[in-house]
Amino acid sequence: MGKRATFRREANLALIEAALAELGKVVPLIVLDEAQSFGYGSLEEVRLLLGLNLADPPAFGLVLIGDEYLLGTLRLRQHRSLFSRIACHYSLSPWSAPLVAQYLQQSFRRGGP
């Protein structure tokens, strides 16, 4: 990693620390969608940011959203340290046609005239 990238990371961490200090006891939640598309460098940055969560209470909560390839990617050797920090995971299964119909009917009833 070059000097410029290191300086940028240090500057970004200083900004993050200042923002967290302003929040006080509020713990922000960061949601990253399409996480299966993140490259190695991006996932490594996420892992480094999680190092901020050594404080009690944690600096922030993190939710990674992705398709079925996300967990497989995180299990790879280069991402093991990030994978080991996952507290839980959940897989959503597709809804059946009757369940979709029921959801739509209830939604339309709530939003009616």
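All values derive from a computational prediction rather than experimental measurement. Here, residue 1 is the first one in the sequence, and each next residue gets the next number.
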- In the hydrophobic cluster built from side-chain contacts under 4.5 Å, what are the other members alongside Val31? Leu29, Val63, Ile65
- Output all residues satisfying side chain to side chain donor-acceptor pair (under 3.5 Å) with Gln36, sequence neighbours left out; order by chain, then residue number. Glu34
- Item | Set of residues satisfying side chain to side chain donor-acceptor pair (under 3.5 Å) with respect to Glu44, sequence neighbours excluded | Arg47
- ring-ring contact (aromatic ring centres under 6.0 Å, His included) pairs touching residues 11-38, sequence neighbours excluded, are none
- With sequence neighbours excluded, residues passing ring pair (Phe, Tyr, Trp, His ring centres under 6.0 Å) with Phe83: none
- Task: Tell me, please, which residues at least two apart from Leu23 pass side-chain contact (heavy atoms from CB on, under 4.5 Å).
- Result: Leu20, Val26, Pro28
- Which ILVMFWY residues are connected to Leu48, directly or by a chain of links, through side-chain heavy atoms under 4.5 Å apart? none
- Message: Applying ring pair (Phe, Tyr, Trp, His ring centres under 6.0 Å), can you list everything that pairs with Tyr69, at least two apart in sequence or on another chain?
- Response: none
- For Val100 and Trp95 the tightest heavy-atom approach is CG2-CB, 3.7 Å
- Among all residues two or more places apart in sequence or in another chain, which pass the side-chain contact (heavy atoms from CB on, under 4.5 Å) test with Leu92? Tyr90
- Item | side chain to side chain donor-acceptor pair (under 3.5 Å) partners for Gln102, two or more places apart | none
- Task: Evaluate side-chain contact (heavy atoms from CB on, under 4.5 Å) for Leu74 paired with Leu64, printing each intermediate quantity in order.
- Result: CA-CA 11 Å; Leu74 294 176; Leu64 295 175; 4.2 Å; yes
- Item | Non-hydrogen atoms of His89 and Arg75 that approach each other most closely | NE2-NH2, 4.4 Å
- Relative to each other, are the rings of Tyr40 and His79 parallel, tilted or perpendicular (30° and 60° limits)? tilted
- Item | Atom pair CG/CG of Leu76 and Leu82 - distance to nearest 0.5 Å | 11.5 Å
- Given the rule that I, L, V, M, F, W and Y join up when any side-chain heavy atoms are under 4.5 Å apart, are Leu32 and Val27 in one cluster? no
- Message: Can you list everything that forms a side-chain contact (heavy atoms from CB on, under 4.5 Å) with Glu22? Sequence neighbours excluded, please.
- Response: none
- Item | Spatial distance of atom CG (Asn12) from atom CD (Glu17) [nearest 0.5 Å] | 11.5 Å
- Message: Once side-chain contact (heavy atoms from CB on, under 4.5 Å) is applied, do any residues pair with Ser96, and if so which ones, sequence neighbours excluded?
- Response: Pro98, Leu99
- Do Leu62 and Ile86 belong together in a cluster built from hydrophobic side chains that touch within less than 4.5 Å? yes
- Item | Joint cluster assignment, Leu50 & Ile16, ILVMFWY side-chain distance < 4.5 Å | yes
